Undergrad: 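Handing you a structure now.
Heads up: numbering here begins at 1 and tracks the sequence. The model shown is predicted, which means the values in this text are computed figures rather than measured ones.
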Amino acid sequence: MALPFPDIPWLQGFDKPCRFEGEVRDLIVHGEVPRELDGTFFRVMPDPHLSPSYYENGTHYIPFDGDGNVSAFRIKNGHVDYKQQYVKTDRLMKEREARQSLWGRYQNPFTSHPCVRTAIESTANTNVIYYNGNLLALKEYTLPYSLDPVTLETRGYWNFNGQISSRSFTAHPKVDPKTKELVCWGTQAKGPGTRDCCYFAFDPDGKKTEECWFQNPFCGFLHDAGVSEDFIALMLVPMRVDMGKMEKGGSHYYYDFDLDLHWGLVPRRGSDASKVRWFKWKNSFPTHTANAYQEIGPDGEAKVFVDTVLAHGNALPFFPEENRKDDSPAIESLKIQLVRFCFDLKDENPTDGSYLKVPDPEVLLDVPCEFPRIDDRFMGQKEKSIFCATVKQDMHSDSKSLVGSAGLNTYTMVDLSLGKVEHCPFGPSSVVQEPCFVPRSADAPEGDGFLIGLVNRLDTMLTELVIIDTRRFSKPVAVVEIGLRLRQGLHGNWVNAADME
């Protein structure tokens, strides 16, 4: 008999687990789906299949845990078909066989049932990308799981045909639109608590082209990065790992207010760890990047620019905190902006153990925001437009959804070239999920196309797929009834049908 889920915010209300697998053809459409769209919108959500009751009766659960459940919305000729399937991870299959939860606290193997201590812990629940014939479901402290992109059936744990020695793989790899390389990295790459980091890249045929191993300044949270033509900018957030506390059943991460934000600028070519430059800025939490690009000066030295969402404090308060200051903001009053950092690479790392300095970032959008996306055809170039989820200032959401997503009730388009901001709001009883941009055609101007995303309707307890035309951004051209409640997802991507064929 399956146990009920604990009465905690992350597992009740709209965030109560869905536990659904299946297929629905020809979803009902209000409006008209643009005929230019021919492809699949993939996204993944953490969706516990069984109550996380093994450790502390499930009260340890956080929103980033839960089994990976992949949604696929196939769009063609104005029709939308929907399919959903769990990733058949080692963790999920062992729990299904036991008919009970076996894993403990998030990313803490010391708290799991002894029978799964040597199993692959991945939930494959953070992002899903298509590359070289594989749909890869990602969780950053392990390697990916490969899925069939049409059926969503799990093919297996994927190590790129034995080419990866790192034990981890980022949840935010980038595809270079010019070289078609998959740009990746792994942190805690030699196991939990290690400072080892590995950068690697693969060509369009799946062959590894680059690998560079180096040490991070401390073992901490390294989730996303910006990728320019010649550099990758890694964001090492001041959430550190304490193995001693983990062994006693504690959290994997602790947000430390005494630590600075660290940036690692890694050359994309070569394997010399000494070429990695480390910068630092004051204590803060950049969550996700929109883009990165570089400018080469007359002396041949580069400046790298990274556009990212920046929280001025702890953006994830469900992780424990250390060294909190009296004036440290609570999550309700946390300042969150879209900003642009600039890194001058004219200097090498100091020899005295200190770090290069980065100036205060330029503010691009001064409203609470998350999940920034661009026209990926222009990744690595200075972009014109950024799309993101924001909080409409004249609406107050009654959402009690994920911290970090609560209140996000609007999709926003920021035209950096014109200094223009446009909004598509959905009202105070709605929470938007991460958007995804699709160009109108292969040769369309930058930012000319469609924004696709999911909107959680808290009043009806249902989720809708919305499609917005960027030429008339204030209202969707199509609202698609899914007929189900889909928990707050994390990330996803659009794949053109021609690319999958």
Undergrad: Under the side chain to side chain donor-acceptor pair (under 3.5 Å) rule, what do Glu181 and Thr179 come out as? Steps first, then yes or no, please.
TA: CA-CA 5 Å; Glu181 288 175 291; Thr179 67; 3.0 Å; yes
Undergrad: Could you tell me if Gln294 and Asp230 have a donor-acceptor pair between their side chains, going purely by distance under 3.5 Å?
TA: yes
Undergrad: Strictly by modelled atom types, are Ser430 and Asn409 linked by a side-chain donor-acceptor pair under 3.5 Å?
TA: no
Undergrad: Any side-chain to backbone donor/acceptor pair from Thr289 onto Ala225? Under 3.5 Å, distance only.
TA: yes
Undergrad: Salt bridge check, Asp448 against Arg471: does any charged N sit closer than 4.0 Å to a carboxylate O?
TA: yes
Undergrad: Can we say Glu446 and Arg377 salt-bridge, meaning some charged N sits less than 4.0 Å from an Asp/Glu carboxylate O?
TA: no
Undergrad: Just checking, Lys94 and Trp103: is the charged tip under 6.0 Å from the six-membered ring centre and within 45° of the axis?
TA: no
Undergrad: Any chance you could lay out the side chain to side chain contact (heavy atoms under 4.5 Å, CB included) test for Tyr130 and Val175, step after step, and finish with the verdict?
TA: CA-CA 10 Å; Tyr130 178 78; Val175 178; over 6 Å; no
Undergrad: Ignoring hydrogens and geometry beyond distance, is a side-chain donor-acceptor pair present between Thr287 and Glu370 at under 3.5 Å?
TA: yes
Undergrad: Which pair of heavy atoms, one from Phe14 and one from Arg457, lies closest together, and at what distance?
TA: CE1-O, 3.5 Å
Undergrad: Would you kindly say whether Asn134 and Arg155 are connected by a side-chain donor-acceptor distance under 3.5 Å?
TA: yes
Undergrad: Looking at Gly206, is its backbone amide N or carbonyl O close enough to the side chain of Gln163 to form a donor-acceptor pair, meaning the two atoms are under 3.5 Å apart?
TA: yes
Undergrad: Passes side chain to side chain contact (heavy atoms under 4.5 Å, CB included), Phe473 versus Leu451? Steps please.
TA: CA-CA 9 Å; Phe473 194 80; Leu451 202 67; 4.0 Å; yes
Undergrad: Tell me every residue that passes ring pair (Phe, Tyr, Trp, His ring centres under 6.0 Å) with Trp185, counting only those two or more places apart in sequence or in another chain.
TA: none
